[in-house]
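Written below as structure tokens is the structure these notes are about.
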Amino acid sequence: MRAFVAFEVPMRLRRLIVDEARRAESQFPAARWVKLEALHLTVLFLGEIAAERAGELSVGLERLFATSRPLRLEICGAGTFPAAGPARVLWLGIESPDDLHHLADAVRFEGRDFMQRPEKRPFAPHLTVARCRQPWPRQVAERWRSDFTGAIGEG
């Protein structure tokens with residue numbers, strides 16, 4: 001089964017993000033915008049793991065999260081993957097305290113034996129909000145980024 005470790009986004013915030021995405025839909029080229037129930041903050045992508053190993057991973061993660069303090073995260077800014085050239089993925093950035101990065105490092109360590117390929121990229125906290133049906137030209141991607149430079153909040 002395909003597995004990843006992620007934080008659930010509070011429903012109030014998910015609704016605000018999806019509302020912003022709906023407003024953006026008519027102003028940008030076609031994209032598959034994330035559904036309300038699917039919005040999450042991925043901490044670690046594991047890839048395919050055997051279903052019978054999921055429980056083993058879960059035990060280690062439960063221990064880790066039981067000792068973690070609550071985190072306060074804020075959405076700030078927007079961007080795309082890749083960062084240069086035609087855009088394929090649209091995201092909202094997460095202003096992340098050191099605690100989040102330390103927790104992500106601990107999750108990576110806990111999941112190391114379950115990953116198909118070790119993640120070499122540094123942890124970049126973000127919420128994926130859309131995948132472009134056809135890559136967006138850079139100038140359109142830059143307009144997306146500039147339209148969402150502030151934090152999302154209740155208007």
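In plain terms, the two heavy atoms of A124 and H126 that are nearest each other are O-ND1, 2.7 Å. What you find for A104 and F123 is that their closest heavy atoms are CB-CD2, 3.6 Å. Nearest approach of T80 to R138, heavy atoms of both residues: OG1-NH2, 3.0 Å. Looking at every heavy atom in both residues, A130 comes nearest to W33 through CB-CE3, 3.5 Å. Contact between I94 and C76 at its shortest, heavy atoms only, is C-SG, 4.2 Å. Residue A87 comes nearest to A141 through the heavy atom pair CB-CB, 3.7 Å, listed as atom of the first residue, atom of the second, then distance.
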Inset, instruction - In sequence, state the C-alpha distance, the side-chain angles, and the governing distance for S58 and E62, and then conclude on side chain to side chain donor-acceptor pair (under 3.5 Å). - result: CA-CA 6 Å; S58 180; E62 283 177 23; 3.2 Å; yes
Inset, instruction - Quick one: do V34 and W91 satisfy side-chain contact (heavy atoms from CB on, under 4.5 Å)? Show the steps, please. - result: CA-CA 10 Å; V34 71; W91 52 261; over 6 Å; no
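The distance from the CZ atom of R108 to the CG atom of L103 is 12.0 Å, given to the nearest 0.5 Å. Atom CD in E56 sits 11.0 Å away from atom CG in L61 (nearest 0.5 Å). Atoms CZ and OG1, from R63 and T67 in turn, are 10.0 Å apart once rounded to the nearest 0.5 Å. One distance of note links CD1 of I75 with CG of L127; it measures 5.0 Å at 0.5 Å rounding. To the nearest 0.5 Å, the span separating CD on E110 from CZ on F114 amounts to 7.5 Å.
Between H101 and P125 the shortest side-chain heavy-atom distance falls below 4.5 Å. Contact check for T128 versus L90: no side-chain heavy atoms found under the 4.5 Å cut-off. Counting heavy atoms from C-beta on, the side chains of D99 and R69 come closer than 4.5 Å.
Put simply, the side chain of W144 gets close to the backbone of G79: a donor and an acceptor are under 3.5 Å apart. For the pair R15 (side chain) and R12 (backbone), a donor-acceptor distance under 3.5 Å is absent. Put simply, the side chain of R133 never gets that close to the backbone of A30: no donor and acceptor are under 3.5 Å apart.
A single hydrophobic cluster is not seen to contain both V129 and F81; linkage of ILVMFWY side chains at heavy-atom distances under 4.5 Å, directly or through other members, places them apart. F7 and V5 fall within the same hydrophobic cluster, where Ile, Leu, Val, Met, Phe, Trp and Tyr residues are linked whenever their side-chain heavy atoms come under 4.5 Å apart, directly or through other members. L92 and L71 fall within a single hydrophobic cluster, where Ile, Leu, Val, Met, Phe, Trp and Tyr side chains are chained together by heavy-atom contacts under 4.5 Å.
The number of heavy-atom neighbours closer than 6.0 Å to CZ of R131, taken from other residues, nucleotides and ligands shown, is 12 or below. Atom CD of Q139 has more than 12 heavy atoms from other residues, nucleotides or ligands within 6.0 Å. The neighbour count for F65 CZ, taken as heavy atoms of other residues, nucleotides or ligands under 6.0 Å away, is above 12. Atom CZ of R88 has 12 or fewer neighbouring heavy atoms from other residues, nucleotides or ligands inside a 6.0 Å radius.
For R143, the side-chain contact (heavy atoms from CB on, under 4.5 Å) partners are Q27, F28, V140, D147, not counting sequence neighbours.
A salt bridge does not link R22 to E25: none of the charged nitrogens lies less than 4.0 Å from a carboxylate oxygen.
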Please list every donor-acceptor pair under 3.5 Å in which a side-chain atom of residues 37-49 meets a protein atom from a residue at least two apart or in another chain.
| unit_1 | atom_1 | unit_2 | atom_2 | d |
| --- | --- | --- | --- | --- |
| H40 | ND1 | A38 | O | 2.7 |
| H40 | NE2 | T42 | OG1 | 3.0 |
| E48 | OE1 | M1 | N | 3.3 |

